[in-house]
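Chain letters run A, B, ... following the sequence lines, proteins first and then strands; every chain starts at 1. Because only heavy atoms are used, hydrogens play no part in the values below, and waters and symmetry mates are left out as well, while side chains stay in.
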Amino acid sequence: MEIDFKKIESKWQKNWENKKIFEVKQQSKKKKFYILEMFPYPSGSGLHMGHAFNYVIGDICARFKRMKGFNVLYPMGYDSLGLPAENAAIKVGISPKKYTENSIENFIRQQKSLGLSYDWSRMLKTSDSSYYKWDQWIFLKMYEKGLAYRKKAPVNWCPQCNTVLANEQVHNGKCWRHENTEVQIKNLEQWFFKITDYAEELNDNLDNLNNWPDEVKSMQKHWIGKSSGVEILFEINGEKWPIFTTRPDTIYGVTFMVISAQHSKLNNLVTAEQKEEVDNFLKKIKTTSKKDLGNLEKEGVFTGSYAKNPINGDEIPIWIGNFVVADYGSGMVMAVPAHDFRDFEFAKKYNISIKEVIKGGNVKEKAYVEKGTLINSGNFNGLESEKAKEEIIKYLNKKNLGKKATQYKLRDWLISRQRYWGTPIPIIYCEKCGVVPVPEKDLPIELPDKVEFGKGNPLETNEKWIKIKCPKCRGIAKRETDTMDTFVNSSWYFLRYCDSKNQKKIFDERKVRYWMPIDQYIGGKEHACMHLIYFRFYTKFLRDLGLLNFNEPVLNLFNQGMLHGEDGSVMSKSKGNVILPEEVSEKYGIDTARFFLVSMASPDKDIDWSEKGISGAFRFIKRVMEYFNKVKIGKADTRIESKINKCILEIEENISNFKYNLAVIKLRELFDALPLKTSKNILENFLKLLHPFCPHITEELWHKLGNKNFINLQKWPIANKKKIKEIFEKQDLAIDKLIGDINNILKLVENKKKIYVYILPKDKEIYDINLINQRFSKKINLFLVNDKNKYDPLNISKKAKLQRPAIYLE
RNA sequence: GCAGGGGUGCUGGAGUGGUCAAACAGGACAGCCUCAAGAGCUGUUGGCUUAGUGCCUACGAAGGUUCGAAUCCUUUCCCCUGCACCA
């Protein structure tokens, strides 16, 4: 039978769209369920199988929840600002706007062909000024609250392009467009969001996110990096410098200090004699790209200055190091080589003395980082680390030389981008008034069309756009030409879906209150730290503005695995390993592709794409179609009733836990058990169970059964536990085993035609002769062992045991 | 380098203390059907052995815990993801 999948697919896709069955409104009768996939950046190379995997996972969940009776909000939108559009402008000369519009159009077409049940009426694009207006509005609020501020920060700089480079535009320390140009580090004045103000809450609330994967929470904990310690004041050139440490118990072991190479006050410490050496070192660091900084071998140089150890007055040399982070703590660390690996490595390299202050290891060979008993520590000798920490803090506290402190690794969020295709930062620089925020009524600040690409920051090339009157004094002023990081756009889009057309406000609070928080968020693990922290931060900020009445944006998080190309690496155009869903559905139909995608493995696992196994899914879909062609409607037997009721429970459970691969197995089992004549109800229920996975063919077959409504708007079947009879399963197992045994014997002995099976009376119920005949092609003579008329020439029947019948062949 | 996750049969993968030589699917092989191909159906698919049994070897590698390990612990190798200007 030839099946025209294309025809079936487009018929129902059109039907669903025309009837608007997936559009939802706020209502009180049903419980709401908000399900969301991380929205895509609409790349020019189109939607690939990896995207499809993400959306199919969500769509299965959405369709399932709808059938379970929820009022399901399932929207889609486009994170359409970003670097690739600008790169296309530089390389091919197409305008970012045009490029983006084309890409989005293409994405929508592709997504619709996957049969995804989105409420398209709520669609949004972050590149629309009606959207990014509110990004600018939030920026103004941040600024108002003192959470947006400017400071200098290092960036990758290409002297040829005369512009800042993204990390991904730096290849082996060279510019992506100029292979021979070394990328430099330059310090620019840039905008930051003070996310660190929320560090504590971002950290502590993780414990309440019970339905987030532990991996993500643990990664976020490490990313936020809360540590409790002490701030100790070291005196340098008469000035007190607070130094953070988690190990005050090792303070007697400090033999040097290390200051970050990016530290703003570094110059104050460099002495005349050391200046040349330091300059050379800094120059060397500057020619290494930012990306490589973290991978460098620890290196440093002496500044010439000394710090005074507050506890014993020792003079300690201060070094510059490439491994100290300028933003963490005070940008300088006390180094205890005897009890810290990094300090040890550094001390060995530069021949700095190592002083043991905790007993237990051999510090000449290796740093001893465990806790232990203090030695060489003056009055604190003999104390255990924990006790010593307390005592030392107490002592320093009394002398006003130190206090308890909490530090976070989390850094403030640098949002400035020297790029065009982003949200313009709504700030004006006035010659007289300085930094002036754009008045709310002037929003949005739209991106000008006329700019030049490839020559530095594009916005700087449109003078007309830059020049503006100061909103305060009407004097000469300039616009900020930096745009915002696109993570800004994706930090609150889920709120906008609740009220995506609102012209007057960022959103109607009542609508947001109804739909939020997101009940199920689905996306890749690669977002574990950045996006998934930023959007939590935004949620908390908007809550503090009084706009939201909850603390966390997402209740349940599911991280789907990465779908790699056949070569095992991430799908990308440049690698040439992109698999397009349409190519697969062309051959097998989209329902087959959907079914196959989720049956390959548990959806949270990384998988390499391979079309190898798809024929199994294709065969299944075709068999289902063929079966519905020939099945006769009649009465359902108790066996299939039992099976389907059990499957309802299992499939529901598996879908709820995102164990789609296991649900698929159950669906196959159930299908294999369907008899050629059964009730309409059984057939309908089977279709309902299959529907989330294969929406098109199930809709087709649903209508073929004579239904006029849509299957996705039907109720998910309710299992009748009373109809589940364990005996059937016992029978299946026992009979499978029996057939296996018979086959086994048939293999061993030749030329036997007649098969005799002897069972114990207790097993009579299990070994049903009709059932055995159904399953086994050869004729079987079944006897009870106590049957006087049985044929048993060798008296084999006495070997029969419980659920292990005796078998005789002749 | 740091952080998080993972390595299972010919392949993709289920399986997190006994019911495991390991679900399900693919592939391969054999048989049936057919003029034939395909599809479909039935069976086999770690090794040896046996009238349906028993034994051995196996879940990256090496050790350990346990009456018992694919599953727990330690060490080690390899792979994936992220590391703050890709999104």
Using nucleotides 11-14 of chain B, report all nitrogen or oxygen pairs with the protein that are shorter than 3.5 Å.
residue: B/A14; atom: OP1; partner: A/S602; partner atom: N; Å: 3.0
residue: B/A14; atom: OP2; partner: A/K605; partner atom: NZ; Å: 3.1

Between the protein and nucleotides 49-53 of chain B, list every N/O to N/O distance that falls short of 3.5 Å.
residue: B/A51; atom: N6; partner: A/L809; partner atom: O; Å: 3.3
residue: B/A51; atom: N1; partner: A/L809; partner atom: N; Å: 3.1
residue: B/G52; atom: O2'; partner: A/D741; partner atom: OD1; Å: 2.4
residue: B/G52; atom: O6; partner: A/I807; partner atom: N; Å: 3.3
residue: B/G52; atom: N1; partner: A/P805; partner atom: O; Å: 2.7
residue: B/G52; atom: N2; partner: A/D741; partner atom: OD2; Å: 3.1
residue: B/G52; atom: N2; partner: A/P805; partner atom: O; Å: 3.0
residue: B/G52; atom: N3; partner: A/D741; partner atom: OD2; Å: 3.2
residue: B/U53; atom: OP1; partner: A/R804; partner atom: NH1; Å: 2.9
residue: B/U53; atom: OP1; partner: A/R804; partner atom: NH2; Å: 2.9

With sequence neighbours excluded, tell me which residues meet side chain to side chain donor-acceptor pair (under 3.5 Å) with [X].
| X | answer |
| --- | --- |
| A/Q111 | A/Y78 |
| A/S80 | A/S127 |
| A/N773 | none |

Subject >> Which residues share a side-chain contact (heavy atoms from CB on, under 4.5 Å) with A/D340, sequence neighbours left out >> reply: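 With sequence neighbours excluded, A/D340 shows a side-chain contact (heavy atoms from CB on, under 4.5 Å) to A/R342, A/D343, given in chain and number order.
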For [X], which contact category applies under a 4.0 Å heavy-atom criterion: base, sugar-phosphate, or nothing?
| X | result |
| --- | --- |
| A/R419 | base |
| A/H531 | nothing |
| A/W413 | nothing |
| A/V216 | nothing |
| A/E86 | nothing |
| A/M530 | base |
| A/Q169 | nothing |
| A/S615 | sugar-phosphate |
| A/F487 | base |

Side chain of [X] only, heavy atoms from C-beta on: which candidate in [options] is closest?
| X | options | result |
| --- | --- | --- |
| A/L83 | B/A87, B/A3, B/C85 | B/A87 |
| A/W223 | B/C86, B/G40, B/A84 | B/A84 |
| A/H222 | B/C80, B/C85, B/A3 | B/A3 |

Subject >> Residue whose closest nucleotide on RNA chain B lies nearer the 5' end, A/R668 versus A/L81 >> reply: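 Nearest-nucleotide comparison on RNA chain B picks A/R668.
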Can you check whether [X] has a side-chain N or O nearer than 4.0 Å to OP1 or OP2 of [N]?
| X | N | answer |
| --- | --- | --- |
| A/R619 | B/G27 | yes |
| A/R417 | B/C86 | no |
| A/T486 | B/A87 | yes |

Subject >> Any donor-acceptor N or O pair under 3.5 Å, side chains A/D79, A/T486 >> reply: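 Judged by distance alone, the side chains do not pair up.
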Quantified in whole Å, what is the [atom1] atom distance between nucleotide [N] and nucleotide [M]?
| N | M | atom1 | answer |
| --- | --- | --- | --- |
| B/U71 | B/G17 | C1' | 6 Å |
| B/C79 | B/C55 | P | 40 Å |
| B/A37 | B/C24 | P | 30 Å |

Original post:
Residues in salt bridge (Lys or Arg N to Asp or Glu O under 4.0 Å) with A/D135, at least two apart?
Top reply: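 Scan of A/D135 (salt bridge (Lys or Arg N to Asp or Glu O under 4.0 Å), adjacent residues dropped) gives none.
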**OP:** Could you name each residue pair satisfying salt bridge (charged side-chain N to carboxylate O under 4.0 Å, His left out) that touches residues 733-742 of chain A, not counting sequence neighbours?
**Re:**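 As it turns out, the salt bridge (charged side-chain N to carboxylate O under 4.0 Å, His left out) pairs with a partner in residues 733-742 of chain A, which skip direct neighbours, are A/D736-A/R775, A/K737-A/D741.
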Subject >> Whole-Å gap separating P (B/U42) and CD1 (A/I735) >> reply: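 Rounded to whole Å, this separation is 15 Å.
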Original post:
Has the side chain of A/E526 got a donor or acceptor atom sitting under 3.5 Å from an opposite partner on the base of B/C83?
Top reply: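 Counting by modelled atom types and ignoring angles, no donor-acceptor contact under 3.5 Å is found here.
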Original post:
Going by modelled atom types, is there a donor-acceptor pair between the base of B/C24 and the side chain of A/E669 at under 3.5 Å?
Top reply: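 No such pair is found, so the answer is no.
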Original post:
Taking A/F596 as the fixed residue, which of A/Y588, A/Y660, A/W609 is the one that meets the ring-ring contact (aromatic ring centres under 6.0 Å, His included) rule?
Top reply: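 Output: one option passes, namely A/W609.
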**OP:** Kindly indicate whether the side chain of A/Y420, heavy atoms from C-beta on, has any atom under 4.5 Å from the side chain of A/N457.
**Re:**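 The answer is no; the side chains never approach within 4.5 Å.
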Would you tabulate the side-chain donor-acceptor contacts of residues 42-50 of chain A under 3.5 Å, counting partners in other chains and residues two or more places apart, or write 'none'?
residue: A/S43; atom: OG; partner: A/S45; partner atom: N; Å: 3.4
residue: A/S43; atom: OG; partner: A/S45; partner atom: OG; Å: 3.1
residue: A/H48; atom: ND1; partner: A/G50; partner atom: N; Å: 2.9

